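In what follows, a structure is listed as structure tokens, so that the remarks can point back to it.
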Amino acid sequence: MDVMNVLEIYDKLRAHFGRQYWWPAETPFEVIVGAILTQQTAWKNVEKAIINLKKLDLMTPEVIAASNLETLEKAVYTSGFYRQKALRLKKISEYLVKNYNGNLSRFFSRDTMEVRKELLGLDGVGFETADSILLYAGCKRIFVIDAYTKRMCRCMKPGGSEVHDGYENLRHFFENNLPEDIELYKEYHALIVELGKNYCKTKPDCEKCPLRRIAKL
DNA sequence: ACCCAGGTGGCCC
DNA sequence: GGGCCACATGGG
């Protein structure tokens with residue numbers, strides 16, 4: 001099989017799955033909330049939690065920072081890990097209020113890597129969550145790597161067989177081999193997740209991985 | 001009765 | 001730097 005590059009894989013996925021319209025959120029802060037809640041959790045369960053939060057008017061840093069922890073826990077209950085997640089949302093909200101007056105535009109309007117470092121310092125924010133927030137809430141040109149992306153790369157070996165491992169290596173690989181197009185970054189990550197949801201329940205055995213079939217369409 | 005889901009942090013070596 | 005484990009609900 002010919003070596004496929006990352007852009008070719010994108011085109012195949014885009015043609016197969018169509019447009020994904022990520023991230024479904026009304027505000028940048030809602031992206032942050034969703035990014036925490038969706039960790040190791042199906043989005044369907046997160047949606048319920050987000051509806052609860054909105055019903056309680058708990059969708060700004062100010063109100064979450066000032067809210068009662070038990071109320072928050074009940075609201076996000078369906079998203080799993082609800083105690084951790086409630087606490088983390090509260091701590092992140094307090095941080096944003098304290099340092100940026102709850103103003104997300106102010107938070108994002110600095111050097112991207114500076115913002116990234118700051119995000120990574122927050123409890124409950126690792127690489128993937130930080131980068132999702134940068135891309136989808138801050139509109140920064142950062143490629144998000146998740147478990148599906150790693151699996152896809154093991155399978156398809158984009159760019160040849162120099163296998164890419166480790167989060168930062170993989171991120172740089174994608175960023176160095178794609179057009180500098182933020183909308184494409186958003187769509188690509190969404191498509192990879194869609195691919196994983198629909199076709200990659202199997203173990204990552206490369207030879208018979210369904211990913212290959214999609215890619216050849 | 002399992003397995004997985006749009007991960008992270010703490011601990012161990 | 002990698003390999004485990006807890007965190008927890010909901011759907012297949």
Side-chain angles (χ1 to χ4, degrees), chain A residues 10 13-14 17-25 28-53 69-93 95 116-138 140 142-155 163-172 174 183-205 209-211 214:
Chain A
Y10 171 80
L13 294 175
R14 177 66 179 73
F17 291 111
R19 205 159 154 197
Q20 300 299 306
Y21 299 102
W22 268 28
W23 188 296
F29 183 68
E30 191 180 325
V31 174
I32 295 177
V33 171
I36 294 295
L37 295 184
T38 198
Q39 291 169 359
Q40 197 60 26
T41 302
W43 182 255
K44 196 74 189 166
N45 297 335
V46 177
E47 282 180 326
K48 297 174 194 162
I50 289 178
I51 288 169
N52 291 338
L53 290 169
L69 188 57
E70 287 184 17
T71 307
L72 213 48
E73 288 179 352
K74 278 182 205 149
V76 303
Y77 181 79
T78 58
S79 73
F81 306 132
Y82 65 93
R83 275 182 275 245
Q84 284 192 8
K85 286 177 179 175
L87 183 58
R88 288 171 175 177
L89 285 180
K90 193 156 161 58
K91 285 165 75 176
I92 292 167
S93 297
Y95 178 86
R116 188 173 195 254
K117 210 177 299 175
E118 220 170 301
L119 282 168
L120 289 171
L122 297 171
D123 183 28
V125 181
F127 286 124
E128 184 183 341
T129 304
D131 291 342
S132 294
I133 291 170
L134 288 168
L135 177 62
Y136 293 103
K140 306 297 183 186
I142 295 283
F143 198 87
V144 180
I145 304 297
D146 69 344
Y148 292 139
T149 314
K150 294 175 186 165
R151 211 181 296 180
M152 186 185 89
C153 287
R154 278 198 302 269
C155 236
V163 179
H164 318 282
D165 217 356
Y167 189 96
E168 292 293 72
N169 288 340
L170 221 33
R171 179 170 70 82
H172 286 127
F174 276 86
E183 290 309 309
L184 185 146
Y185 279 37
K186 290 183 178 177
E187 203 56 24
Y188 203 161
H189 175 64
L191 285 165
I192 289 172
V193 172
E194 193 57 24
L195 173 68
K197 282 202 297 210
N198 289 283
Y199 292 90
C200 214
K201 307 291 187 206
T202 55
K203 294 280 183 283
D205 359 85
C209 183
L211 288 167
I214 303 298

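Since the model is a prediction, treat every value here as computed from it, not as a measurement. Protein chains get the first letters and strands the later ones, always in sequence-line order, with residue 1 at the start of each. Every heavy atom of this structure was used, including side-chain atoms; hydrogens, water molecules and symmetry mates were not.
- When rounded to the nearest whole Å, the span between CD of A/Glu187 and C1' of B/dG6 equals 14 Å.
- Qualifying side chain to side chain donor-acceptor pair (under 3.5 Å) partners for A/Thr129, counting only residues two or more places apart in sequence or in other chains: A/Gln39.
- Across residues 117-136 of chain A, not one residue has a non-hydrogen atom less than 4.0 Å from an atom of DNA chain C.
- Across the P atoms, B/dC4 and C/dC5 are found 15 Å apart, a figure rounded to whole Å.
- Applying the salt bridge (charged side-chain N to carboxylate O under 4.0 Å, His left out) criterion to A/Glu168, with sequence neighbours excluded, gives A/Arg116, A/Arg171.
- Residues meeting the ring pair (Phe, Tyr, Trp, His ring centres under 6.0 Å) test with A/Phe17, sequence neighbours left out: A/Tyr199.
- With sequence neighbours excluded, no residue satisfies salt bridge (charged side-chain N to carboxylate O under 4.0 Å, His left out) with A/Lys140.
- The aromatic ring of A/Trp43 stacks onto the base of B/dG6, its centre lying under 5.5 Å from the centre of the six-membered base ring with the two planes under 30° apart.
- For the pair A/Arg88 and A/Trp23, nearest-nucleotide mapping onto DNA chain B gives the more 5' position to A/Trp23.
- Rounded to a whole angstrom, the distance from the P atom of C/dA6 to that of B/dG6 is 23 Å.
- Exactly one of A/Tyr136, A/Trp22, A/Tyr21 qualifies for a side chain to side chain contact (heavy atoms under 4.5 Å, CB included) with A/Lys186. That residue is A/Tyr136.
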Contact string for nucleotides 5-12 of chain C, one letter per nucleotide 5' to 3', B = base within protein heavy-atom range under 4.0 Å, S = sugar-phosphate only, - = neither, reads --BBBSS-
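- Between A/Lys150 atom NZ and B/dG7 atom P there is a gap of 10 Å when expressed in whole angstrom units.
- Listed by chain and number, the residues in a side-chain contact (heavy atoms from CB on, under 4.5 Å) with A/Ala147 amount to none (sequence neighbours excluded).
- Atom-to-atom, CG of A/Leu87 to P of B/dG9 comes out at 12 Å; the value is rounded to the nearest Å.
- With sequence neighbours excluded, the residues that form a salt bridge (charged side-chain N to carboxylate O under 4.0 Å, His left out) with A/Arg88 are A/Asp123.
- With sequence neighbours excluded, no residue satisfies salt bridge (charged side-chain N to carboxylate O under 4.0 Å, His left out) with A/Glu128.
- Remark: C1' of B/dA5 and CD of A/Glu47 are 14 Å apart, rounded to the nearest angstrom.
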